[in-house]
Protein chains: 2
Amino acid sequence: MSVTLKDVAQAARVSVSTASRALTGTGLTSERTQQRLVRIARELGYRPNPIARGLKTGQSRLVALLVHNLTNASFQVMAEVVQARLKALGYQMLLCIGGDDPQQESDTLTTLVDHRIDGLIVVPTGKNGPQLKALSKDVPIVCLVRRDDATDLETVLADDPQGAYLGTRHLIELGHKRIGLIVGRQDTTSGRERLSGYVRALREAGIARDDTLIHAGHFEPETGATCARKLLDLPRPPSAIFVANHEATLGVLRVTAERNIVIPDDLSLLCYEDMPWFEWHRPAISIVDNGARDLANLAVDRLLHRMDAKGNGNDGVREYRVGAKLIQRDSCRQFDAPAPARSGKSKSSLSKSSAAKSAKV
Amino acid sequence: MSVTLKDVAQAARVSVSTASRALTGTGLTSERTQQRLVRIARELGYRPNPIARGLKTGQSRLVALLVHNLTNASFQVMAEVVQARLKALGYQMLLCIGGDDPQQESDTLTTLVDHRIDGLIVVPTGKNGPQLKALSKDVPIVCLVRRDDATDLETVLADDPQGAYLGTRHLIELGHKRIGLIVGRQDTTSGRERLSGYVRALREAGIARDDTLIHAGHFEPETGATCARKLLDLPRPPSAIFVANHEATLGVLRVTAERNIVIPDDLSLLCYEDMPWFEWHRPAISIVDNGARDLANLAVDRLLHRMDAKGNGNDGVREYRVGAKLIQRDSCRQFDAPAPARSGKSKSSLSKSSAAKSAKV
DNA sequence: AGCGTTTCTGCAATCGTTTGCAGTCTATCG
DNA sequence: CGATAGACTGCAAACGATTGCAGAAACGCT
């Protein structure tokens, strides 16, 4: 069907081996035949068959990225970054969706190595450590965002302890003392680390930890709603909520909307990880930015390094951290009195403060 | 490195050909040896090498989905649907991001056919018709969401004329007479068709078309902002805006927020295509749903059909339409008086109407 | 027993590349 | 002018599977 190396060789009246060497630029060809072959190949529209090449070389020029889903904005930008970087290097990205489900992850992983991918960036569920470890002998692997504790794979992580600390401190500085935390499952790296950052900020500020204010749960909007209700139903509800479980945000917003709770007047809200619409939401939602773009770039860097190094790429470093930063918008407010005056005035004060804060951070 | 067919054959003391036939189930093997080989293969952990198989059979078990980006919620659900369907059939999805850029699209396409993908679902830019047409000789292709006019490829489209008609009529029924339209580029199928649906609804209602109310532009938030400003700066601004350009929505919201325009009191807003947060936004945003999930499913159906039919899968049908439907939430409001009373009362009327409408549709 | 079927198995070619090895050619030097 | 190194080139064997063809085994039948 398509033009093969043999066709090119015949047209140029040389052997396939010469043609191969000339076109791949593997040294030993005379300048003249080399150029001639390149020209002929172009004329004939020759495109090397990656399958055949892959069979011989064991490489596929395919790099896989395995994420949980695509609704998460962080994964979106990661996918786009990874795709762009890889394409520039002549690789195709194989984007896979694992749904944070160990079984699916496991299936996908085997399919991927079957297909002889050249590298893998994975956001692990954390339940397939042994498999990942085994596969890492055959193909360079870099973990992203989460660590799989059962492996010693190179891992690129957000600095979640710092991010959670930053966010919590921000709320404390605004005068909040009762700060609700909605955080991810405690069997994930990020879940544990964000909790620890929160706790540390509290401790530093001399605020006693109150476990009724802390809720950990699955990465789903429903979780956010459930946790938010529990928090708001407390005898002494928090004056601020830190949603450190990205997927839970929508659920929290639904509950506050249902109950006509005005943000930030009645409740300050701080979220972890950005979403495109946070900026346009009214009030615009303040966040702790986990640096998705940087994370993806670093992961690609590390992967490429390992791929080059062919096995002996152990630099000793096992874990890379990408700093988080606070982006202030309009959903957090100074907490002064035990209960703010509930009146028409609050609205104007909101717009004032929002105008002041909406400057780029 | 890994177990090959040869290893299995040796272990079973048969030839590779017998092993191959037994494991692929290509008939001609005795029941006994067949079962024996299957058992041995499992014991040895044999996994067929898709690369080698692909070289011989010309198939890769890879199906590509080429979309513009991943920020668009419709593309997200399409990707997830396609992935799920294909995986169930033993295919791997190759998800590619083309950025609605003809050059990138073209590059990606050639890489994909190089990799001998078994099928392709593509949201075409519309600028690479000839190439697509040429490739369709080698690999089954189905176009999604947009048509490439330079081809006669099988295409799965949303029923945009109907959707736009539905949305516009809804606004008209609410009493709106001046309805702004922000729509996509007119060199895309959806752009043209949505405009036509809008025009038809107007005509049916006996409302004269006013071109100052119609703005077409690129698929970017910035476009939305620009167009919204133009509309609102009109001597007689519209009482409703129909944002039929999905990507423009955020821009429109920014402008209304900037100008303290209260939706739906001061302005009714209707958007095309859903986003996960539309439902949680205050007010929840009414939409015309393009049926992304159905579109994706249909596209997969058609592709599989073509892949089975091996070339002669021309059923005559070239175009499939998936119906749109209106989902009413809280961003559209009855328009009665020329100008509604602008006072504190408007707020309470908002919460009333929103409460009434927020029932599931 | 001999023969023709039928059923199963193995040989070997093939897919399109890459690559070790050996052979050919040119040029350079003694 | 002949030897020899050096630079190219071609042959052929891989890579791991599939598959047409022919041979072998088993079986039933007369």
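Below, each value reflects all heavy atoms present in this structure, side chains not excepted, and no hydrogens, waters or symmetry copies. Note on naming: letters A, B, ... go to the chains in the order of the sequence lines (proteins, then strands), and numbering restarts at 1 for each one.
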Please report, rounded to the nearest Å, how far the [atom2] atom of [N] is from the [atom1] atom of [X].
X	N	atom1	atom2	answer
B/Leu23	C/dT9	CG	C1'	15 Å
A/Ile51	D/dT18	CD1	P	14 Å
B/Gln10	C/dG10	CD	P	13 Å
A/Leu55	D/dA13	CG	C1'	13 Å
A/Arg13	D/dC8	CZ	P	22 Å
B/Gln34	C/dC8	CD	C1'	12 Å
A/Lys56	C/dG16	NZ	P	16 Å
A/Leu37	C/dT17	CG	P	13 Å

Checklist entry - side-chain contact (heavy atoms from CB on, under 4.5 Å) between A/Leu132 and A/Ile141: does it pass, once the steps are laid out? => result CA-CA 8 Å; A/Leu132 274 175; A/Ile141 300 183; 4.1 Å; yes
Checklist entry - More than 12 foreign heavy atoms under 6.0 Å from CZ of B/Arg293: is that the case here? => result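 Check fails, neighbour count at 12 or below.
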Would you say [X] reaches [N]'s phosphate, i.e. side-chain N/O to OP1/OP2 under 4.0 Å?
X	N	value
B/Thr24	D/dT18	no
B/Arg53	D/dT18	yes
B/Ser15	C/dG10	yes
B/Thr4	D/dG16	no

Checklist entry - Any donor-acceptor pair under 3.5 Å linking the side chain of B/Arg321 with the backbone of B/Val156? => result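 Answer holds: no.
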Checklist entry - Can you tell me if B/Asp301 uses its side chain to pair, donor with acceptor, with the backbone of B/Leu304 under 3.5 Å? => result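 No; zero donor-acceptor contacts below 3.5 Å.
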Checklist entry - With sequence neighbours left out, which residue pairs that include part of residues 29-71 of chain A fulfil the ring-ring contact (aromatic ring centres under 6.0 Å, His included) condition? => result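 Residue pairs with at least one partner in residues 29-71 of chain A: A/His68-A/Phe75.
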Next on the checklist: Quick test of your reading: applying ring-ring contact (aromatic ring centres under 6.0 Å, His included), list the pairs with at least one residue in residues 116-137 of chain A, sequence neighbours left out, ordered by first then second residue.
Outcome noted: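 Applying ring-ring contact (aromatic ring centres under 6.0 Å, His included) to every pair that reaches into residues 116-137 of chain A, excluding sequence neighbours, yields nothing.
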Next on the checklist: Considering every strand and a 4.0 Å limit on heavy-atom distances, what is the contact class for A/Arg47: base, sugar-phosphate, or nothing?
Outcome noted: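 Contact class for A/Arg47: sugar-phosphate only.
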Next on the checklist: Mind checking if B/Pro48 touches a base, just sugar-phosphate, or nothing, with heavy atoms under 4.0 Å?
Outcome noted: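 Contact class for B/Pro48: sugar-phosphate only.
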Next on the checklist: Using C1' atoms of five pairs at each end, report the bend of the helix from C/dA1-D/dT30 to C/dG30-D/dC1 rounded to 10 degrees.
Outcome noted: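 End-to-end axis angle: 60°.
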Checklist entry - Between B/Val16 and A/Leu5, which is nearer to the 5' end of DNA chain C once each is assigned its nearest nucleotide? => result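 The residue mapped nearer the 5' terminus is B/Val16.
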Item to check | Under the salt bridge (Lys or Arg N to Asp or Glu O under 4.0 Å) test, residues paired with B/Arg147 that sit two or more places apart | outcome: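 Checked B/Arg147 against salt bridge (Lys or Arg N to Asp or Glu O under 4.0 Å); matches are B/Asp149, B/Glu319.
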Listed pairs, N/O of protein and of nucleotides 20-26 of chain D, under 3.5 Å:
| from | atom 1 | to | atom 2 | distance (Å) |
| --- | --- | --- | --- | --- |
| D/dG20 | O6 | B/Arg21 | NH1 | 3.4 |

Checklist entry - Do B/Thr111 and A/Lys87 have side-chain N/O donor and acceptor atoms under 3.5 Å apart? => result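 Result is no, nothing qualifies.
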Item to check | Selected nucleotide, minimal atom distance to A/Ser20 side chain, candidates C/dG10, C/dT18, D/dT19 | outcome: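 The closest nucleotide is C/dT18.
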Item to check | Closest to the B/Asn49 side chain, choosing from D/dA17, C/dG16, C/dT17 | outcome: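 Within the option list, the nearest is D/dA17.
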Checklist entry - Sequence neighbours excluded, which residues qualify as side-chain contact (heavy atoms from CB on, under 4.5 Å) partners of B/Pro102? => result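 So B/Pro102 forms a side-chain contact (heavy atoms from CB on, under 4.5 Å) with B/Thr125, B/Lys127, B/Asn128.
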Checklist entry - What do the steps show when you test B/Asp148 against B/Thr151 for side-chain contact (heavy atoms from CB on, under 4.5 Å), and what is the final call? => result CA-CA 6 Å; B/Asp148 191 314; B/Thr151 72; 4.0 Å; yes
